[in-house]
Every structure is written in C-alpha cells, then in structure tokens.
Amino acid sequence: MHNIELETKDLIIRKAKKDDYKSLLKNYWSKEKTAKFMLWKPIFTDAEAIERIEKTIDFEVNKPCFIITEKSSGESIGMVGFIEEQPQVYGDCGLGIGCDFVGRGYGSQVLSRMLQYLFYECKAKKVIYTAMKENVSSNSLQKKFNFSYVQTVQKTRDYDNLNYEMHIYELTSENYFKTQNQ
Ligand SMILES: CC(C)(COP(=O)(O)OP(=O)(O)OC[C@H]1O[C@@H](n2cnc3c(N)ncnc32)[C@H](O)[C@@H]1OP(=O)(O)O)[C@@H](O)C(=O)NCCC(=O)NCCS
C-alpha cells in the first residue's frame with residue numbers, strides 16, 4: 001500500500017532507499033535551520049544517518065510517507081508524510097525541504113501533489129495540517145490550499161523538551177474539490 005512514486009514539475013516523491021542517507025544527511029537532516037520547526041533532531045554523522053534511513057524505510061511501509069528528490073540534481077532534499085489517523089482522515093507527520101532548496105515553489109508542488117493523491121486516490125474525507133505558530137513559511141504554505149484553522153494546542157518536543165504552540169488546520173474533501181472545480 002502507498003508503494004508508489006509521485007511526480008511534480010521539478011520533483012519526485014518516492015519511498016526512501018538505503019543509499020539516500022548521504023544526500024538526506026547533507027541536504028536535510030544536518031540543517032539546524034530546517035529542523036528548528038520540526039520534531040526531529042538534527043544529526044551530523046554518517047552512522048546516525050544510516051540508522052535514521054533504516055528507521056525511515058521501516059516507518060514509510062504502508063503509509064503515504066515519502067522522501068522528496070529534485071529531478072535536476074537527483075539529490076534527496078526533504079520528506080513528506082501523512083498518517084491515516086482515523087478512517088479516511090489523514091494528518092501530516094511532517095513536510096520539510098532542506099533550507100538550500102526552499103522558496104522555489106517546491107513546498108507548494110509537494111503539498112499539491114500529496115493532496116491530489118490523498119483526496120483522489122486514497123479517498124480522504126479530511127486532511128489535517130499542522131504548523132508551529134512561529135513557522136511563517138509553513139503557515140503561509142497551508143493558506144494557498146484553502147485549509148481552515150481549527151485550533152492551537154500546547155505541545156512539548158520530545159528530544160529537547162521545547163514547549164511550542166501548534167496551529168492545526170484542516171481541509172475537507174468538499175472544500176478541496178470545490179477549489180479544483182474553480
Ligand atoms: C514549509 C516549507 C515546506 C515550505 O516550502 P517552500 O518550498 O519554501 O514553499 P514554497 O516556495 O512553495 O512557498 C509556499 C508559499 O509560502 C510563502 N512563503 C514561503 N516562505 C515564506 C516566508 N519565509 N515568509 C513568507 N512567506 C513565505 C511563499 O511566498 C509561497 O506563497 P506564494 O506562492 O503565494 O508566493 C519549507 O519552508 C520547509 O521545509 N521549512 C522547514 C521545515 C518546516 O518548517 N516544515 C513545516 C513543518 S511540518
């Protein structure tokens with residue numbers, strides 16, 4: 001299930017492979033700027049990246065969770081994932097693009113293609129998107145896709161006990177298909 005490859009203009013969204021660890025380490029996992037608003041801890045060594053890619057590969061099984069690669073360079077540059085929290089309700093477990101690759105429209109391409117996949121192919125009724133309050137780019141990204149604000153909750157990040165406020169947004173299939181038909 002979800003063992004597929006999705007394509008956008010500039011990107012391939014696909015399952016992680018063992019040898020992705022090097023480019024994910026270089027472009028994504030070692031970037032503290034990227035990790036600032038995410039739940040994973042930055043890592044800096046090959047050994048840590050090999051361990052993380054193995055966990056990633058296992059985690060992605062049977063879930064709409066993928067890595068993001070750039071077509072032009074062939075580099076792995078980020079990750080995106082959703083979890084079916086309730087039947088036909090998918091919540092994000094992170095959308096991130098390495099800081100050297102942001103601001104080029106890639107985040108929009110990924111979210112657009114993922115929403116298309118979730119609503120058309122997985123028959124989602126609702127997709128939930130979360131962003132830390134201070135995360136301007138992530139809060140801007142969801143706006144482009146007609147999500148509605150639901151609530152803000154207090155959370156604590158596991159690895160460093162950071163207390164943060166998380167904005168929760170949702171997009172119903174009804175609202176998604178409305179914008180598709182405009
Ligand atoms: C959030 C993230 C995925 C957005 O990806 P991106 O490739 O930079 O996004 P885009 O270039 O498609 O931009 C999306 C929209 O947000 C806006 N935006 C992006 N960064 C912005 C910023 N710093 N300030 C204001 N607006 C911003 C863009 O203008 C764009 O809107 P537009 O098309 O109407 O101009 C990316 O910045 C990222 O991975 N950040 C680090 C990890 C993270 O915080 N992930 C989210 C937590 S789950």
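All heavy atoms count here, side chains included; hydrogens, waters and symmetry mates do not. Counting convention: from 1, in listed order, for ligands and their atoms alike. Owing to the predicted nature of the structure, the values given are computational and were not obtained by experimental measurement.
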**Student:** Would you call the rings of Phe119 and Tyr176 parallel, tilted or perpendicular, taking 30° and 60° as the class edges?
**Tutor:**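 Geometry flag for Tyr176 against Phe119: parallel rings.
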
**Student:** For Phe59, is the NZ or CZ atom of Lys63 found under 6.0 angstrom from the centre of its six-membered ring and inside 45 degrees of the ring axis?
**Tutor:**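 Judged by the rule, Lys63 and Phe59 form a cation-pi pair.
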
**Student:** Closer than 4.0 Å and a protein heavy atom, does any atom meet both conditions relative to atom 28 (C) of ligand 1?
**Tutor:**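 Under 4.0 Å from atom 28 (C) of ligand 1, zero protein heavy atoms found.
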
**Student:** Would you tell me which option among Ser108, Gly81, Gly96, Gly98 has the nearest heavy-atom contact to atom 12 (O) of ligand 1?
**Tutor:**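 Looking at heavy atoms only, the winner is Ser108.
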
**Student:** Name the orientation class of the two ring planes belonging to Tyr129 and Phe147 (parallel below 30°, tilted from 30 to 60°, perpendicular beyond 60°).
**Tutor:**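 Tilted: the ring planes of Tyr129 and Phe147 meet at 30° to 60°.
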
**Student:** For ligand 1 and Thr34, I'd like to know whether there is a polar contact (N/O to N/O, distance under 3.5 Å).
**Tutor:**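 In fact, backbone or side chain, Thr34 has no N or O that close.
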
**Student:** Leu141 heavy atoms, cut-off 4.0 Å: which ligand 1 atoms fall inside?
**Tutor:**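 It comes down to these atoms of ligand 1: 14 (C), 16 (O).
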
**Student:** Considering only non-hydrogen protein atoms, determine which one is nearest to atom 33 (O) of ligand 1 and report residue, atom name and distance to 0.1 Å.
**Tutor:**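 Checked against all protein heavy atoms, atom 33 (O) of ligand 1 sits closest to Lys144 NZ, 2.8 Å.
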
**Student:** Could you walk me through whether His167 and Asn139 satisfy the side-chain contact (heavy atoms from CB on, under 4.5 Å) test, starting with their C-alpha distance in whole Å, then the side-chain angles of each, then the deciding distance to 0.1 Å, before giving a yes or no?
**Tutor:** CA-CA 8 Å; His167 289 332; Asn139 282 293; 3.5 Å; yes

**Student:** Nearest non-hydrogen contact with atom 11 (O) of ligand 1 belongs to which option: Gly105, Cys93, Gly78?
**Tutor:**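 Nearest option to atom 11 (O) of ligand 1, by heavy atoms: Gly105.
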
**Student:** List the steps, then state whether side-chain contact (heavy atoms from CB on, under 4.5 Å) holds for Met38 with Tyr28.
**Tutor:** CA-CA 11 Å; Met38 304 213 65; Tyr28 189 60; 3.7 Å; yes

**Student:** For Lys36, which part has a heavy atom under 4.0 Å from ligand 1: side chain, backbone, both, or neither?
**Tutor:**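 None of Lys36 does.
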
**Student:** Are Ser112 and Gln109 linked by a side-chain donor-acceptor pair shorter than 3.5 Å?
**Tutor:**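 Side-chain D/A pair, Ser112 to Gln109: absent.
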
**Student:** Assess whether side-chain contact (heavy atoms from CB on, under 4.5 Å) is satisfied between Met79 and Thr56, documenting all intermediate values.
**Tutor:** CA-CA 10 Å; Met79 303 179 77; Thr56 301; 3.3 Å; yes

**Student:** Just to confirm my output: which protein heavy-atom neighbour is closest to atom 37 (O) of ligand 1, and how far is it?
**Tutor:**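 Sorting protein heavy atoms by distance from atom 37 (O) of ligand 1 puts Ser137 OG, 3.3 Å first.
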
**Student:** Enumerate the atoms of ligand 1 whose separation from the nearest heavy atom of Phe37 is less than 4.0 angstrom.
**Tutor:**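 Ligand 1 atoms under the 4.0 Å threshold to Phe37: 44 (O).
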
**Student:** Between Tyr164 and Lys133, is there a cation-pi geometry (under 6.0 Å to ring centre, at most 45° from the normal)?
**Tutor:**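 Not flagged: Lys133 not positioned over aromatic ring of Tyr164.
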
**Student:** Given the protein's heavy atoms, is any one of them under 4.0 Å from atom 16 (O) of ligand 1?
**Tutor:**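 Neighbour list for atom 16 (O) of ligand 1 includes protein heavy atoms (cut-off 4.0 Å).
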
**Student:** For Gly103, is the nearest heavy atom under 4.0 Å from an atom of ligand 1?
**Tutor:**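 Checking ligand 1 against Gly103, which is what was asked, there is a heavy-atom contact under 4.0 Å.
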
**Student:** Applying the 4.5 Å side-chain criterion to the ILVMFWY set and letting contacts propagate, would Val102 and Phe66 be lumped into a single cluster?
**Tutor:**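 Cluster IDs for Val102 and Phe66 match.
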
**Student:** Looking at non-hydrogen atoms alone, which of Ile97, Val102, Asn135, Leu39 comes nearest to atom 47 (C) of ligand 1?
**Tutor:**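 The residue whose heavy atom sits nearest atom 47 (C) of ligand 1 is Asn135.
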
**Student:** Kindly identify the option in Ser112, Gly107, Ser140 whose heavy atom sits closest to atom 7 (O) of ligand 1.
**Tutor:**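 The option holding the nearest heavy atom is Gly107.
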
**Student:** With nothing but distance in play, are any N or O atoms of Leu95 less than 3.5 Å from an N or O of ligand 1?
**Tutor:**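 N/O-N/O distance below 3.5 Å exists for this pair.
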
**Student:** Just to confirm my output: which protein heavy-atom neighbour is closest to atom 24 (N) of ligand 1, and how far is it?
**Tutor:**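 Here the nearest protein heavy atom works out to Val136 CG1, 3.4 Å.
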
**Student:** Return the residue, atom name and 0.1 Å-rounded distance of the protein heavy atom closest to atom 42 (C) of ligand 1.
**Tutor:**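 Its nearest protein heavy-atom neighbour is Met38 SD, 3.4 Å.
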
**Student:** Please classify the Gln109 to ligand 1 contact at 4.0 Å (heavy-atom distances, strictly less than): side chain, backbone, both or neither.
**Tutor:**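 Neither; nothing of Gln109 gets under 4.0 Å from ligand 1.
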
**Student:** Can you tell whether the side chains of Glu7 and Lys71 come within less than 4.0 Å, N to carboxylate O?
**Tutor:**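 Yes, charged N to carboxylate O under 4.0 Å.
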
**Student:** Measure from atom 35 (O) of ligand 1 to the protein's non-hydrogen atoms and state whether any distance is below 4.0 Å.
**Tutor:**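 Within 4.0 Å of atom 35 (O) of ligand 1, no protein heavy atoms are found.
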
**Student:** Ring-plane angle category for His2 and Tyr90, please: parallel below 30°, perpendicular beyond 60°, tilted otherwise.
**Tutor:**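 Rings of His2 and Tyr90: perpendicular, over 60°.
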
**Student:** Please report whether ligand 1 has a polar contact with Thr130, defined as an N or O pair separated by less than 3.5 Å (distance criterion only).
**Tutor:**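 Checking ligand 1 against Thr130, no N or O pair falls under 3.5 Å apart.
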
**Student:** Compare every heavy atom of Ala131 with every heavy atom of Ser138, then report the nearest pair and how far apart it is.
**Tutor:**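 It is OG-CB, 3.4 Å.
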
